[in-house]
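Worksheet: one structure, shown below.
FYI, side chains are in, hydrogens and waters are out, and symmetry mates aren't considered; it's all heavy atoms of this structure. Treat the numbers as computed from the prediction; the structure is a model and nothing was measured.
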Amino acid sequence: MQTPTYAPTYAPTPGHVHGPAHALDLAAELRLPTNALDYTILGIYFVVVLGIGFAARRSVKTSLDFFLSGRSLPAWITGLAFISANLAATEILGMAANSAQYGAYTVHWYWIGAIPAMVFLGLVMMPFYYGSKVRSVPEFLLLRFDKGAHLLSSLLFAFAAILIAGVNLYALAIVVEALLGWPQWVAIVVAGFFVLAYITLGGLSSAIYNEVLQFFVILAALIPLTVLGLKKVDGWGGLTDSLTASHGDDFVTAWGGTGIGSDNPLGANWLTIVLGLGFVLSFGYWTTNFAEVQRALSAKNLSAAQRTPLIAAYPKIFIVFLVMIPGLVAAVLVPKIGTSGSDLQYNDAIPYLMQELLPNGVLGIAVTGLLAAFMAGMAANISSFNTVFTTDIWAKYVVLGREDAYYVRFGRLITAIGVMASIGTAFLASSFSNIMSYLQTLFSFFNVPMFVVFIVGMFWKRASMKSGFWGLLAGTTAAMINYFVLYKQDVIGIPTDQGANFVSAIAGFVAGAVVMVAVSLFTAPKPEAELQGLVYGTVSPGMAEPPAAGDDTWYRKPALLGWGAVILAAACYIPFSF
């Protein structure tokens, strides 16, 4: 998921790079002056990636090893993999583009649109996921509702995972073509091959250990770019002074001009930011997207699983500066970027700075960092896809009761099929004028309806077995109707694609909740004995004591609660003082 933290696409609403910034069609003149040193660094990275895959293969003996790393990984490993899986290059390029166009408002996609939901996942929802011993997010719906909700959610997630993996492949191909001169199809095939190789060899462990490596490679690419960019514009003071003079005071603040009825560069008020982005899209993505949750489920125990998104939230607070500052620097160095007065688009911000500021060697690290980010995003979706398709669809509805080794072999086969399908959806993504808008649309269709089903099911015992299926179907259908019929056919006036995505997400959430309540009132609830550990306030299966004295409730874990409080305090204080 990739995540609602992806960059917007069309002005003036949050999340769109509009006008000349279509898709990721980078300017032709941005071809980088790479040399043998840069290609050597890139080659070493690919060798290490495959080496990790071969090393992880030795630990794969069961299907649990292949799909969930045997639930054996420490929290710091799963935490870094969690954040790396989200930090795809579509976000890096897109958020820098967002900053060049909208300024400091980009922080909201991190501090409002990510951190609170990550803390909620760790403190409140992971005990349900990990304690129930499910192998996937859709499997939880099988336990809480019925086979209808489980199968529908599995199919929707598998479909969405392949679509999003294709977006990462297509974006990678565009960037590599522009920066290195490789043909698009070569970049797609090469990247697809390496992701296929290391996931097929070592399963989730290979993906996770590579994501940890990729996290540090991405930082090694962004930190020099940020530091040299600030030096180029005389530091933070020079940067803000230049932008204030050219774009106004609100361009360098997080909340300036966001009062209802006020104008600001983002074109959104505080209510839209907090509710549309901060609640509906954010919680819908971070709490139910299995590409992220799978990393936490691979942790060695419940405490490590809960700490996984909390550990990831710490760097998430600060990574925004590494993608926002380069965009702001580009807005100073190229005053007319993204307009008809310049050949550079907003999406060109990062490549432009790489070309202008980085010497060879460091340039090779930066290019490797971009490739690593794309591969991390694709690998997260492919590894979650093979788990859901194998354990939730194939093993439960197609070929049942086979030996464990069979499902490991099938998992490797479906990984290859998933990569091939992603190559196809990469070309599908190329038909959309802006892939950032495309991603946000997918999130509103698939993540938000699943979130409402989870929330109602986890906190309302009366939610019936049938309500999960009908709530999910209604939420997905309502979001699609709003987008394809009401918005695309101009039945209602929504000025931008991103505005339509926000409305679609809200429509999906409301429709799913209303239908779940209505269906529950006319159908039988699940027996309370079968809800233990699946609904808030019930006893987990392995607990000997009732919830009042048990230790499996989030608010009775002071250490974890302290982590969450510190993270939330930082995420609230920084943007309001920015």
Side-chain angles (χ1 to χ4, degrees), residues 1-6 8 14-15 82 85-86 91 108-126 128-129 136-138 140-141 144 149 152-154 156-157 159-161 163-164 272-294 296 309 312-313 316 380-381 384 388 436-459 468 471-483 498-516:
M1 181 212 170
Q2 295 11 110
T3 95
T5 60
Y6 280 104
F82 188 99
N86 173 254
E91 174 177 350
H108 294 309
W109 271 265
Y110 291 77
W111 296 333
I112 303 298
I115 303 300
M118 294 168 75
V119 172
F120 184 81
L121 170 65
L123 296 182
V124 180
M125 295 187 73
M126 281 315 301
F128 292 103
Y129 287 142
S136 70
V137 168
F140 183 87
L141 295 185
R144 175 58 184 88
L152 178 59
S153 64
S154 299
L156 289 175
F157 177 81
F159 181 62
L163 290 175
I164 296 171
T272 303
I273 294 170
V274 172
L275 295 183
L277 176 63
F279 176 64
V280 180
L281 280 173
S282 173
F283 277 72
Y285 174 81
W286 289 102
T287 63
T288 65
N289 181 29
F290 185 51
E292 300 291 340
V293 175
Q294 186 181 27
K316 190 71 174 177
N381 284 283
S384 58
V388 168
M436 303 303 173
S437 174
Y438 178 41
L439 282 169
Q440 295 277 353
T441 302
L442 294 179
F443 296 148
S444 69
F445 289 170
F446 299 114
N447 292 98
V448 171
M450 193 174 293
F451 170 62
V452 70
V453 172
F454 270 87
I455 288 299
V456 173
M458 284 181 172
F459 292 94
L472 184 58
L473 182 62
T476 303
T477 302
M480 290 183 174
I481 289 176
N482 177 78
Y483 188 84
Q498 183 61 25
N501 290 337
F502 280 179
V503 175
S504 295
I506 294 171
F509 185 90
V510 172
V514 169
V515 168
M516 286 190 74

- prompt: So does Phe279 have more than 12 non-hydrogen atoms from other groups sitting under 6.0 Å from CZ?
  reply: yes
query: Can you list the steps and then say if Met450 with Val137 is a side chain to side chain contact (heavy atoms under 4.5 Å, CB included)?
result: CA-CA 10 Å; Met450 193 174 293; Val137 168; 4.1 Å; yes
Tyr110 side, atom OH; Lys316 side, atom NZ - distance, nearest 0.5 Å: 5.0 Å
task: Identify the heavy atoms of Phe82 and Pro309 that sit nearest to each other, and give their distance.
output: CZ-CB, 4.0 Å
- request: Specify the closest pair of heavy atoms between Ser282 and Ala117, including all atoms of both residues, with the distance to one decimal.
  value: OG-CB, 3.3 Å
message: Going by the rule side chain to side chain contact (heavy atoms under 4.5 Å, CB included), which residues pair with Ala160 if we only count those two or more places apart in sequence or in a different chain?
response: Phe446
field: Smallest separation among heavy atoms of Phe157 and Ser384, with atom names
entry: CZ-OG, 3.5 Å
- prompt: What heavy-atom pair brings Pro449 and Ser444 nearest, and what distance separates the two atoms?
  reply: CD-O, 3.6 Å
task: Mind checking side chain to side chain contact (heavy atoms under 4.5 Å, CB included) for Leu473 and listing every partner two or more places apart, or none if nothing turns up?
output: Leu152, Phe469, Trp470, Thr477
message: Among residues at least two apart in sequence or on other chains, which ones pass side chain to side chain contact (heavy atoms under 4.5 Å, CB included) with Val452?
response: Val456, Phe509, Ala513
message: Taking ring pair (Phe, Tyr, Trp, His ring centres under 6.0 Å) as the definition, give me every residue that meets it alongside Phe459, ordered by chain and number, with sequence neighbours left out.
response: Tyr536
- request: Quickly, which of Phe290, Tyr129, Trp286 forms a ring pair (Phe, Tyr, Trp, His ring centres under 6.0 Å) with Phe454? Name it, please.
  value: Tyr129
- prompt: Which value, rounded to the nearest 0.5 Å, describes the distance between Leu472 atom CG and Met516 atom CE?
  reply: 9.0 Å
query: Can you find a pair of side-chain heavy atoms, one from Asn86 and one from Asn289, that are under 4.5 Å apart?
result: no
task: Starting from the C-alpha separation in whole Å, work towards a yes-or-no answer on side chain to side chain contact (heavy atoms under 4.5 Å, CB included) for Tyr483 and Thr441.
output: CA-CA 8 Å; Tyr483 188 84; Thr441 302; 3.8 Å; yes
- prompt: Who pairs with Val510 by side chain to side chain contact (heavy atoms under 4.5 Å, CB included), at least two apart in sequence or on another chain?
  reply: Ile506, Val514
- request: Sequence neighbours left out, what passes side-chain hydrogen bond (donor to acceptor under 3.5 Å, both in side chains) with Ser136? Give chain and number order.
  value: Asp392
task: Might you point out which heavy atoms bring Val453 and Gly471 nearest each other, and give the distance in Å?
output: CG2-C, 4.0 Å
- prompt: Checking side chain to side chain contact (heavy atoms under 4.5 Å, CB included) for the pair Phe283/Leu121: CA distance, chi angles, key distance, verdict?
  reply: CA-CA 9 Å; Phe283 277 72; Leu121 170 65; over 6 Å; no
query: Would you say the side chain of Val293 lies within less than 4.5 Å of the side chain of Met125, judging by non-hydrogen atoms?
result: no
